[in-house]
*Asks:* 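Pasting in a structure now, in structure tokens, and then I'll have a few things to ask.
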Amino acid sequence: MPEAILDWRRARLRKHADYQRVYQVSRRHASASMTYFFRERPVDDPAGAQARVGLTTGRVLGKAVERNRIRRRMREAVRLHLGLLPERTDVVLHPRKNVLTMSFALLEKEIARIFAAVAAGARA
RNA sequence: CAGACAGACUGGGCGGCCGCUGCCGGAGAUCGGGGCCCCGCAGGCGAGAGCCGUGCGGAGUCUCAGGCGACUCCGGUGGAGGAAAGUCCGGACUCCGCAGGGCAGUGUGCCGGAUAACAUCCGGGACCUGAGCGUGAAGGCUCAGGGACGGCAAGUGCCACAGAAAAGAUACCGCCCGGCUUCCGCGAGGGAUUCGGGUAAGGGUGAAAAGGUGCGGUAAGAGCGCACCGCUCCGGCGGCGACGGCGGAGGCAGGGUAAACCCCACACGGAGCAAGACCAAAUAGGGAACGAGCCCGUCAGCAAUGGCGGCACGCGCCGGCCCGGCGCGGCAACCUCGAAAUGGGGCGCCCAGCAGUGGGCGAAAGUUCCGGGUAGGUCGCUACAGCGAACGCAGCAAUGCGGCGCGCAGAGGAAUGGCCGUCCUCGACAGAAUCCGGCUUACAGGUCUGUCUGCGAA
RNA sequence: CGGGACGUGGCUCAGCCUGGUAGAGCACUCGCUUGGGGUGCGAGGGGUCGGCAGUUCAAAUCUGCCCGUCCCGA
């Protein structure tokens, strides 16, 4: 368990424009049960230094109950590993349908791996 | 007792750690916008007293402002459904439209009631289906179930194929009568062919063939006559009414289809919370007011006109102001009548479902003002047709009235969760997005009530 | 969340309003033409009309309810 549980409300992408900026500058990266996008924000960005994460659960993932469950499991896994992200980073995650049924331990490991990759990519 | 069906209710429990969100209470540290006035410094004008207003800094006071707007922490409390779903109906609410009428369009459709309203619900009626009883067969009686159930007796259309004929009937095979010819027979008569007529019983076709059954009747037949049933019309009776039952008349007209056009009655303006209200960047655009030479020179061109330069004018920028410098702009306005007007006529465009008709608009740069409006923010946003029950009254009931009790999500890239342990009967369908009333569809297990069937006991 | 359109052979569509026979093009199969292929000519196969009910004698067509696809509105 990472030591720092950061402020979750500030750590979310909340605007359509935020998502669009990430999509414009980022390539699509693939993982086993999700794809992800990320970008670094400039130092003078008004949102501050907090790293932020956005989730997307579209219609193709299933009906409302399944989409809700996927989003909640993702959010919990992201919350537990938020400390791995460097400052001034925006990440967007697109989960796949198997997030619904995979074990939570595996999901946590995958999120941690992705955040580590983002941190490496941001430094480069 | 078991099964099926129908209806009503319910829709895993307990515990631990971590997390999200609304409201209430408490604590903490920090941050900000605007107005007014004062002081200091810098600046401009003036001979000066002084005046001007701009920038920077400081102090005070008022206000937003209510110990409150944002933030953090602590405590308490609430936090998906019976269908939250499909979006099929009906409303509330909001904005837009609305001189009045016509046409068109859409929906509903037995009767009465309930309701804010409905295509919903309750009660009733007729009809249909099934079972039982009954009858020669129907009609009839009892029970159960069903549902888009006004009008083809206003008009129009359609009814393929088959069949003779498909809608104010018809005559294919038949049946019957009469005539001609012919054959058989001694004869009475019989057969065949053909012509004329009668007939709607039988055959055959079809989804459907012009009341049904029985008896009489007849050349053969036929509501041709009679009985029962059905049907139509009339009368009066009961019922708020759909309708019921009674009496009389009529031999029977009127096939089906209106989820065909349509007729009748009734209802309906349109869009929808991404409605709409308030605040409001950047950029682009809109409206109003103000708004300047028929100048001179030169070049191109037949000309209209266009390019360049000058002076004047208008405007912007630099500047506190003047001077000055730099940059931009232009004699035109939809056409026409008229001396002209705020006048008349036309043209074009826009708006109003359509027609008639009505309303609005038609000039440059630039400045000022105004309004709309996007991103974004706030409200709408949950306390009401609210929920509960074993309350009372009215009603067969749906439901209404009165009293009692309860407070039950309110998010906004979108909360109501994640992980673990444990118990059992191992948990279905499924996630609020303005809110209600219904309908429809999906659904594991459990509880209760009713009906039917089977078995067992008495 | 709200509003609207569509679903017919393997593909793209017509037929639906006004109900009785499902049709066109491409594709497919066979035959002829050619030395062979293409082209051309001729013949043929292939459709629960998205599903379930209802109205009707009769439904792709009319009505209702479901399923799926697509489009529009901040």
Side-chain angles (χ1 to χ4, degrees):
Chain A
M1 180 90 82
E3 65 295 335
I5 304 294
L6 297 159
D7 180 6
W8 172 237
R9 194 180 170 84
R10 284 191 209 285
R12 284 186 306 187
L13 287 182
R14 297 171 64 88
K15 293 282 181 290
H16 178 75
D18 291 333
Y19 281 81
Q20 290 308 311
R21 272 192 290 275
V22 174
Y23 292 143
Q24 273 165 18
V25 304
S26 174
R27 283 190 50 233
R28 170 198 181 92
H29 302 271
S31 176
S33 49
M34 64 197 75
T35 56
Y36 60 96
F37 305 79
F38 65 92
R39 70 154 189 155
E40 290 178 80
R41 271 178 284 128
V43 183
D44 59 345
D45 191 279
Q50 173 69 54
R52 300 187 300 179
V53 179
L55 297 174
T56 294
T57 49
R59 283 280 291 232
V60 291
L61 293 176
K63 298 200 144 199
V65 172
E66 295 163 1
R67 292 202 306 273
N68 280 347
R69 188 159 180 82
I70 288 171
R71 184 164 5 94
R72 285 163 179 164
R73 300 187 97 204
M74 289 293 293
R75 200 172 52 214
E76 184 68 10
V78 165
R79 187 179 67 86
L80 293 172
H81 297 92
L82 204 55
L84 296 177
L85 285 175
E87 292 189 343
R88 281 187 294 278
T89 311
D90 286 347
V91 182
V92 176
L93 297 170
H94 290 192
R96 283 198 251 281
K97 201 163 182 179
N98 63 335
V99 172
L100 188 62
T101 52
M102 69 192 296
S103 82
F104 192 75
L106 280 175
L107 182 60
E108 273 195 72
K109 283 166 80 174
E110 184 165 345
I111 291 288
R113 192 161 57 242
I114 287 170
F115 282 3
V118 168
R123 262 183 253 110

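Letters A, B, ... are given to chains in the order of the sequence lines, protein chains preceding strands, and every chain is numbered from 1.
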*Asks:* Distance check, P atoms only: rA397(B) and rC379(B), in whole angstrom units.
*Replies:* 50 Å
*Asks:* Using purine N1 to pyrimidine N3 plus N6-O4 or O6-N4 for Watson-Crick, or N1-O2 and O6-N3 for G-U wobble, each under 3.5 Å, what pairs with rG136(B)?
*Replies:*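 For rG136(B), the partner nucleotide comes out as none, under the 3.5 Å rule.
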*Asks:* Nearest-Å distance, CD (E66(A)) to P (rA430(B))?
*Replies:*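 It works out to 8 Å between those atoms.
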*Asks:* Tell me: CZ of R79(A) to P of rG417(B), nearest whole Å?
*Replies:* 15 Å
*Asks:* Both distances below 3.5 Å, Watson-Crick or wobble geometry, any strand: find the nucleotide opposite rG40(B).
*Replies:*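 Across any shown strand, rG40(B) pairs with rC56(B).
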*Asks:* Do the side-chain N or O atoms of R52(A) get closer than 4.0 angstrom to the phosphate oxygens (OP1, OP2) of rG413(B)?
*Replies:*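 So the side-chain polar atoms of R52(A) never come under 4.0 Å of the phosphate oxygens OP1 or OP2 of rG413(B).
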*Asks:* Taking O4'-C1'-N9-C4 for purines and O4'-C1'-N1-C2 for pyrimidines, is rC408(B) syn (within 90° of 0) or anti?
*Replies:* syn
*Asks:* Ignoring the backbone of R75(A), work out which of rU416(B), rC419(B), rG431(B) is nearest its side chain.
*Replies:* rU416(B)
*Asks:* Just the rounded figure in Å: distance from C1' of rG418(B) to CD1 of I70(A).
*Replies:* 15 Å
*Asks:* Which pairs of donor and acceptor atoms, one on a side chain in residues 95-105 of chain A, lie under 3.5 Å apart (sequence neighbours left out)?
*Replies:*
unit_1  : atom_1 : unit_2  : atom_2 : d
R96(A)  : NH2    : S31(A)  : O      : 2.8
T101(A) : OG1    : N98(A)  : O      : 3.4
S103(A) : OG     : L106(A) : N      : 3.3

*Asks:* Considering every strand and a 4.0 Å limit on heavy-atom distances, what is the contact class for R69(A): base, sugar-phosphate, or nothing?
*Replies:*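 Sugar-phosphate, no base atom in range.
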*Asks:* Roughly how many Å is it from CE in M74(A) to C1' in rC419(B), rounded to a whole number?
*Replies:*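 Rounding to the nearest Å, CE of M74(A) and C1' of rC419(B) are 17 Å apart.
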*Asks:* What's the closest nucleotide to the side chain of V65(A) if the choices are rU416(B), rC419(B), rA430(B)?
*Replies:*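 Nucleotide nearest to V65(A)'s side chain: rA430(B).
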*Asks:* Given atom NZ of K63(A) and atom P of rA442(B), what is their separation to the nearest angstrom?
*Replies:* 12 Å
*Asks:* With heavy atoms under 4.0 Å as the rule, sort R72(A) into base, sugar-phosphate or nothing.
*Replies:*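 Touches a base.
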*Asks:* Partner lookup for rA5(C), please. Criteria are Watson-Crick or G-U wobble with both distances under 3.5 angstrom; report none if nothing qualifies.
*Replies:*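 Its partner is rU69(C) (Watson-Crick or G-U wobble, both distances under 3.5 Å).
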*Asks:* Which nucleotide sits closest to the side chain of F104(A): rG431(B), rC419(B), rG413(B)?
*Replies:*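 The answer is rC419(B), which lies nearest to the side chain.
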*Asks:* Output the rounded distance in Å from CD (E76(A)) to P (rC20(B)).
*Replies:* 10 Å
